[in-house]
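Just so we're on the same page: letters track the sequence lines, and every chain starts at 1. Hydrogens, waters and symmetry mates are skipped; everything else that's a heavy atom, side chains included, is used.
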Amino acid sequence: MMSKGITGKETDYSAWYNELILKSELADYAPVKGCMVIRPHGYAIWEKMRDGLDKMFKDTGHENAYFPMLIPESFIKKEAEHVKGFSPELAVVTHAGGKELEEPLVLRPTSETIIWSMYKNWIHSHRDLPLLINQWANVIRWEMRTRLFLRTTEFLWQEGHTAHATAEEAEEETLRMLNVYKTFAEEQMAMPVLIGKKTEAQKFAGAVATYAIEAMMGDKKALQSGTSHFLGQNFAKAFDVKFQNEENKEEYVYATSWGVSTRLIGALVMTHGDDKGLVLPPRLSPFEVIIIPIWKTDEEETKVRSFLEKIENSLKSADVTFKIDDRTYVTPGWKFNEWELKGIPLRIEVGPRDVKENQLVMVRRDQSEKAVKHLEGVGKESRTVLDAIQKDMFEKAKTFREDNTKKINSYDDFKEFYESDGGFAESYWCGSPVCEQEVQDETKATIRVIPFEQPEERGSCIKCGKESETFVVFAKSY
RNA sequence: CGGGGUGUGGCGCAGCCCGGCAGCGCGCUUGCUUCGGGAGCAAGAGGUCGCGAGUUCAAAUCUCGCCACCCCGACCA
């Protein structure tokens, strides 16, 4: 079932990532190339993410709905940029019911087109706006190269699609949801993110502007972890969605869309994982505490079990979620390793020695020291420790990012940076797509974001040296 | 699409050059002893060697073809 250990991060990051996912039972390869099965442990994490995000969406006034997976091919073609961006990765159904279809059906790569085809029927007046809808769904994108969680042919995500009366309102919504993502990433995933605007070259096909959260992974590469798009009137025009404003004038509707996907699980793995396996932030762990009872004799078992009840009650009263691993056919040592591999944030060991002393042993997943704690108040103590883990994981990730972020002004230094260790480079850029492309061709680094907070001083473009006021963050990315 | 790799009991691999009984480790089953960092002993079960042709008395092994998956690069959440 399981062989000992996984490849070290330093030895081969990619092998480490794959082995970690397979061995911690987050996911497994499916029969179809590029597809994966999300196993219960991985899906439980996704459910946690989903629940956390869903609450944040509801709190900002959104409602869930569900639109179909099959989209008439002609819909995709209605928005010029959208077609151009997505046609290479579409999967198309041409036959069904034993016959060739009159019009091929596209398996949705994203749902703007089908949603806006419906919004046309639902929006007539400014009183119908804003329309704030989200859907949890699967999408299909036929990618050339896939990687577990980071880029799979089919993935699960959430896509918000909102309609507004004014550009200002829509832009506000775009940034509101970007900030929801930032908050979620930092507070729930313990993953610090940069936020900002994407360059023209990297924006969503069909958007006026794309914004993103970007995180630094354990190998110092960037991962785009969530996007929020201001779509302007592009889709309203493509699908002829107009409303009558207060002055009784017809106007096209303004749109946004925003999404995060199961890629976030990959982000979690690469932000916090270590050579022993996954390290889960308490708020996203399927359960927070794994309890491992230890005994030799029946008599000891009876004593330990009744002691466990006291621990359970204390944990329950502090709303700490836990699981007791009382399997008899594996040794405690085996369980330690297995639950560390699976990333459960806190472990409690209870054996005859502890029963006698009215104590227990606590071990944080993000550290390794064993700490002896008294039985009394173990629930509250666990909560305190879990909060500390959540916070420390964030700080550790943030420090790592800061340690690997460098202000770079000269292109020679820049090239050298990406030939050696790499990381995030803070530089200036003149705004020319030519410079952007040349930097990418020569160093593999791309502009990840144009941060909102721009420094006072001006600089010079990292590539052409022209004076520039645009401060950007470069990195190699997934 | 280019480059590389792999395909042999559930998992990881050896065997292939040089054709001759299909092996090893882990896991699994049963029993006993174990149990505070991946337990020990004993006895078992388990395989169309990715698929298809060919060469041969004989193919996991040689030849030709095909397929699948993984990794690295170009496209992307």
Determine which nucleotide pairs with [N], using a 3.5 Å limit on both distances of a Watson-Crick or G-U wobble pair.
| N | answer |
| --- | --- |
| rC51(B) | rG65(B) |
| rG31(B) | rC41(B) |
| rC18(B) | none |
| rG2(B) | rC72(B) |
| rG46(B) | none |

How close or far is atom [atom2] of [N] from atom [atom1] of [X], stated in whole angstroms?
| X | N | atom1 | atom2 | value |
| --- | --- | --- | --- | --- |
| Y211(A) | rA77(B) | OH | P | 17 Å |
| Y329(A) | rC35(B) | OH | P | 20 Å |
| I140(A) | rC75(B) | CD1 | C1' | 18 Å |
| W334(A) | rC26(B) | CH2 | P | 12 Å |
| I292(A) | rG38(B) | CD1 | P | 13 Å |
| Y17(A) | rC71(B) | OH | P | 10 Å |
| R147(A) | rC71(B) | CZ | P | 7 Å |

Partner of R448(A) by salt bridge (Lys or Arg N to Asp or Glu O under 4.0 Å), out of E436(A), E214(A), E426(A):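 For R448(A), the salt bridge (Lys or Arg N to Asp or Glu O under 4.0 Å) check succeeds only for E214(A).
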
Working for salt bridge (charged side-chain N to carboxylate O under 4.0 Å, His left out), residues E300(A) and K303(A): CA-CA 5 Å; E300(A) 282 175 350; K303(A) 282 184 184 161; over 6 Å; no

Close aromatic pair by centroid cut-off 6.0 Å: F239(A) and F75(A):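 Between F239(A) and F75(A), the centre distance is under 6.0 Å.
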
Aromatic ring proximity, centroids under 6.0 angstrom, W116(A) and H82(A):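 Not close enough - the centres of the two rings lie 6.0 Å or further apart.
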
Could you tell me how far [M] sits from [N] if I compare only their [atom1] atoms? Round to whole Å.
| N | M | atom1 | value |
| --- | --- | --- | --- |
| rA60(B) | rU8(B) | C1' | 7 Å |
| rG44(B) | rG7(B) | P | 31 Å |
| rU6(B) | rG15(B) | C1' | 16 Å |

Listed nucleotide nearest any side-chain atom of K444(A), set rC71(B), rA74(B), rG36(B):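 Output: rA74(B).
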
Phosphate contact (rA39(B) OP1 or OP2) by T331(A) side-chain N/O below 4.0 Å: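 The answer is yes; a side-chain N or O of T331(A) sits under 4.0 Å from OP1 or OP2.
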
Short side-chain N/O contact to rC70(B) OP1/OP2 from N18(A), under 4.0 Å: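 Result: no.
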
Sugar-phosphate, base or nothing in reach of L150(A), heavy atoms under 4.0 Å: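 Here L150(A) touches the bases of the nucleic acid.
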
Validation row: L223(A), L150(A) side chains within 4.5 angstrom (heavy atoms):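 They are in side-chain contact.
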
Check: rG37(B) base within 3.5 Å donor-acceptor of K370(A) side chain: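 Such a pair exists between side chain and base.
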
Under 3.5 Å donor-acceptor pair, E340(A) side-chain atoms to rG38(B) base atoms: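 When only heavy-atom distances are counted, E340(A) does not reach the base of rG38(B) through any donor-acceptor pair under 3.5 Å.
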
